[in-house]
Amino acid sequence: MSVEQYQSTFIQEQFASRIGGADYGKDTNIYKFEKIKRAKAAAKQAHPNVELIDMGVGEPDEMADAGIVAKLAEEAAKPENRGYADNGIPEFKSAAARYLKNVFSVDGIDAETEVLHTIGAKPALAMLPTVFINPGDITIMTVPGYPVMGTHTKYLGGEVYNIKLTKENNFLPDIDAIPEEIARRAKLLYLNYPNNPTGGAATVAFFEKVIAWAKKYNVVVVHDAPYAALTYDGVKPLSFLSVPGAKDVGVELHSLSKSFNMTGWRIGFIAGNPLIVKAFGDVKDNSDSGQFIAIQKAAAYGLDHPEITEAISAKYSRRHNMLVAALNEIGFRAEKPKGSFFLYVEAPKGIVNGQRFDSAEDFSQYLIREKLISTVPWEDAGKFVRFSVTFIAQGEAEEARVIDEIKRRLTDVQFEF
């Protein structure tokens, strides 16, 4: 055996079981987003002169507000902002508390003890299981959904119990259906509203029920709320923390990525129960050294200007209206969500006298390869595809053109539903 072969074997045997152990890197399965990426590349190669309309992108299509960018430039030029931020600056924490009050009517948040900045919501979701999960503990999650917290629960030797989000239940989890044994072993319940990918919205009554359930079984609630301020048609933004008793059982995560067009800036915050926030801060302090202070100060400017999000919401609402109307004319049963920039639609069974779609992925691949329209398939609770209204389009006329083009491409066949 050569030195190179020995070293390769040696390294292969050292991988932790949580990422595959000695079999790490040998999995030949192609995962959903890689399949989409490959299909898009193949479609563009096969049809180089046809525009690929990407409705699968899960991030905003525009830059952050000019005022936020200007504030970043101003603060980045100050030498006092150059150093470690650790667990954050008071100005950002105070702005986050004001934001919760001004936008969501959340009273009584102590900026000093009940708020911490995060480098986006994803790292916070990854760190929270470290605060609570021991081997054998359970995290309860909803599917379809964002898997990060479940991934880290498993890394720590915990288990994940999934609850399906169905159209029949307005994409809310049926917490009464959670088995008693699971509820009593659970440490964390993870929720996300407005929901990705379904667009479902929570209600005060639902959150009240969750709080009562969490108190009964001593379960910590983590509400991931990156789309919370993106609501439509008079629906008031709703925070879990605005419901009495929420702070007794949990925390809420907010991100400026979606609501302020700041995905690459990596800034958000956790707020709620002070003991959870403190414990999270201890884990965070051993995981990162804080986001750049100038970004925190620019983000604080944004949080104090919620009209920025209101303008973004108006754009997404307009796009939703056009997309829903176009799809329904074709025969889909699309319903405008109350929040988020996602439209979650049941996939057709097939094409009349033609191709069958046995899965949502079949339909999504067909849309990419044959129609050059990219979506994301979901199979967790039925056959659905997720459209995003964050497609690239400058101005209302261009938005209308893109939607008309989608409609044109989808009307040269007859779908069976």
Side-chain angles (χ1 to χ4, degrees), residues 58-59 87-88 92-93 95-101 103-104 106 109-111 113-133 139-142 145-153 187-196 200-202 207 210-211 214 219-231 237-243 246-260 262-263 265-284 287-288 290-291 295-296 299-300 302-303 309 339-340:
E59 62 177 280
N87 271 334
F92 178 81
K93 299 204 295 183
R98 289 193 299 273
Y99 175 75
L100 289 172
K101 170 66 175 175
V103 176
F104 301 97
V106 177
I109 293 293
D110 185 326
T113 62
E114 296 177 345
V115 179
L116 277 180
H117 91 290
T118 63
I119 305 180
K122 189 173 185 178
L125 291 169
M127 291 177 201
L128 277 166
T130 306
V131 176
F132 292 103
I133 298 298
T139 290
I140 300 174
M141 301 183 66
T142 57
Y146 196 44
V148 173
M149 183 172 271
T151 301
H152 283 264
T153 291
K187 285 280 192 74
L188 295 170
L189 171 63
Y190 167 61
L191 300 172
N192 162 231
Y193 289 98
N195 183 258
N196 172 15
F207 279 149
V210 167
I211 292 165
V219 178
V220 171
V221 178
V222 177
H223 183 230
D224 184 31
Y227 306 95
L230 295 174
T231 59
L238 175 63
S239 166
F240 176 65
L241 296 175
S242 68
V243 181
K247 200 163 65 173
D248 297 337
V249 299
V251 290
E252 187 165 72
L253 300 176
H254 284 265
S255 166
L256 281 78
S257 292
K258 312 305 182 1
S259 52
F260 289 91
M262 293 171 67
T263 47
W265 299 56
R266 310 314 305 134
I267 186 71
F269 64 89
I270 184 172
N273 184 279
L275 194 55
I276 297 175
V277 171
K278 180 179 186 300
F280 171 81
D282 288 341
V283 171
K284 181 180 180 299
S287 303
D288 66 61
Q291 184 53 281
I295 289 179
Q296 290 189 57
L303 293 172
T309 305
S340 87

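In this chain, residues are counted from 1 in sequence order.
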Not counting sequence neighbours, which residues clear side-chain contact (heavy atoms from CB on, under 4.5 Å) with Thr309? List them please. Ala229, Leu230, Ser259, Phe260, Ser313
Can you name the salt bridge (Lys or Arg N to Asp or Glu O under 4.0 Å) partners of Lys122, sequence neighbours left out? none
Counterpart residues, side-chain contact (heavy atoms from CB on, under 4.5 Å), relative to Ala121 (two or more places apart): Asp224, Ser255
Drop me the distance from Thr153's OG1 to Ile133's CD1, to the nearest 0.5 angstrom. 4.5 Å
Considering residues at least two apart in sequence or located in another chain, which fulfil the ring pair (Phe, Tyr, Trp, His ring centres under 6.0 Å) criterion with Phe104? Tyr99, His254
Which atoms form the tightest heavy-atom contact between Gly290 and Ile119, and what is the distance? C-CD1, 4.0 Å
Answer whether the closest heavy-atom distance between the side chains of Leu128 and Tyr190 falls below 4.5 Å. no
Which atom of Gly250 lies closest to which atom of Val220, heavy atoms considered: CA-CG1, 4.5 Å
At their closest point, which heavy atom of Ala124 faces which heavy atom of Leu253, and how far apart are they? CB-CD2, 3.9 Å
Are the side chains of Phe132 and Ile276 in touch, meaning some heavy atoms are under 4.5 Å apart? yes
Set of salt bridge (Lys or Arg N to Asp or Glu O under 4.0 Å) partners for Glu114, sequence neighbours left out: Lys247
Which residues pass the side chain to side chain donor-acceptor pair (under 3.5 Å) test with Asn195, not counting sequence neighbours? Asn192, Thr198
Which atoms form the tightest heavy-atom contact between Ala299 and Phe92, and what is the distance? CB-CE1, 3.7 Å
Could you pull out all residues at least two apart from Asn196 that satisfy side chain to side chain donor-acceptor pair (under 3.5 Å)? Arg386
Rounded to the nearest 0.5 Å, how far does CD1 of Ile270 lie from NE2 of His117? 12.0 Å
Just grab all the salt bridge (Lys or Arg N to Asp or Glu O under 4.0 Å) pairs involving residues 268-280, residues at least two apart or on different chains. Lys278-Asp282
For Phe207 and Ala202, which heavy atoms make the closest approach, and how far apart are they? CZ-CB, 3.5 Å
Which residues pass the side chain to side chain donor-acceptor pair (under 3.5 Å) test with Ser242, not counting sequence neighbours? none
Say whether, by atom type as modelled, one donor and one acceptor occur between the side chain of Gln296 and the main chain of Gln291 under 3.5 angstrom. yes
Go through the structure and list residues passing side chain to side chain donor-acceptor pair (under 3.5 Å) with His223, not counting sequence neighbours. Glu252
Mind checking salt bridge (Lys or Arg N to Asp or Glu O under 4.0 Å) for Lys284 and listing every partner two or more places apart, or none if nothing turns up? Asp288
List the steps and the verdict of side chain to side chain contact (heavy atoms under 4.5 Å, CB included) for Lys101 and Ile109. CA-CA 8 Å; Lys101 170 66 175 175; Ile109 293 293; over 6 Å; no
Side chain to side chain contact (heavy atoms under 4.5 Å, CB included), that's the test. Do Phe280 and Thr118 meet it? Break it down for me. CA-CA 10 Å; Phe280 171 81; Thr118 63; 3.9 Å; yes
For Ala96 and Val115, which heavy atoms make the closest approach, and how far apart are they? CB-CG1, 3.8 Å
To the nearest 0.5 Å, what is the distance between NZ on Lys187 and CD1 on Ile140? 12.5 Å
Are the side chains of Ser257 and Glu59 in contact, using a 4.5 Å heavy-atom criterion? no
What residues form a side-chain contact (heavy atoms from CB on, under 4.5 Å) with Val249, not counting sequence neighbours? Ile211, Ala214, Lys215, Val221, Phe240
Kindly indicate, with the supporting measurements, whether the criterion side chain to side chain contact (heavy atoms under 4.5 Å, CB included) is fulfilled by Thr113 and Val277. CA-CA 7 Å; Thr113 62; Val277 171; over 6 Å; no
Heavy-atom side-chain proximity of Arg98 to Leu303 below 4.5 angstrom: no
Just verifying a value: how many Å separate Leu188 CG and His152 NE2, rounded to the nearest 0.5 Å? 13.0 Å
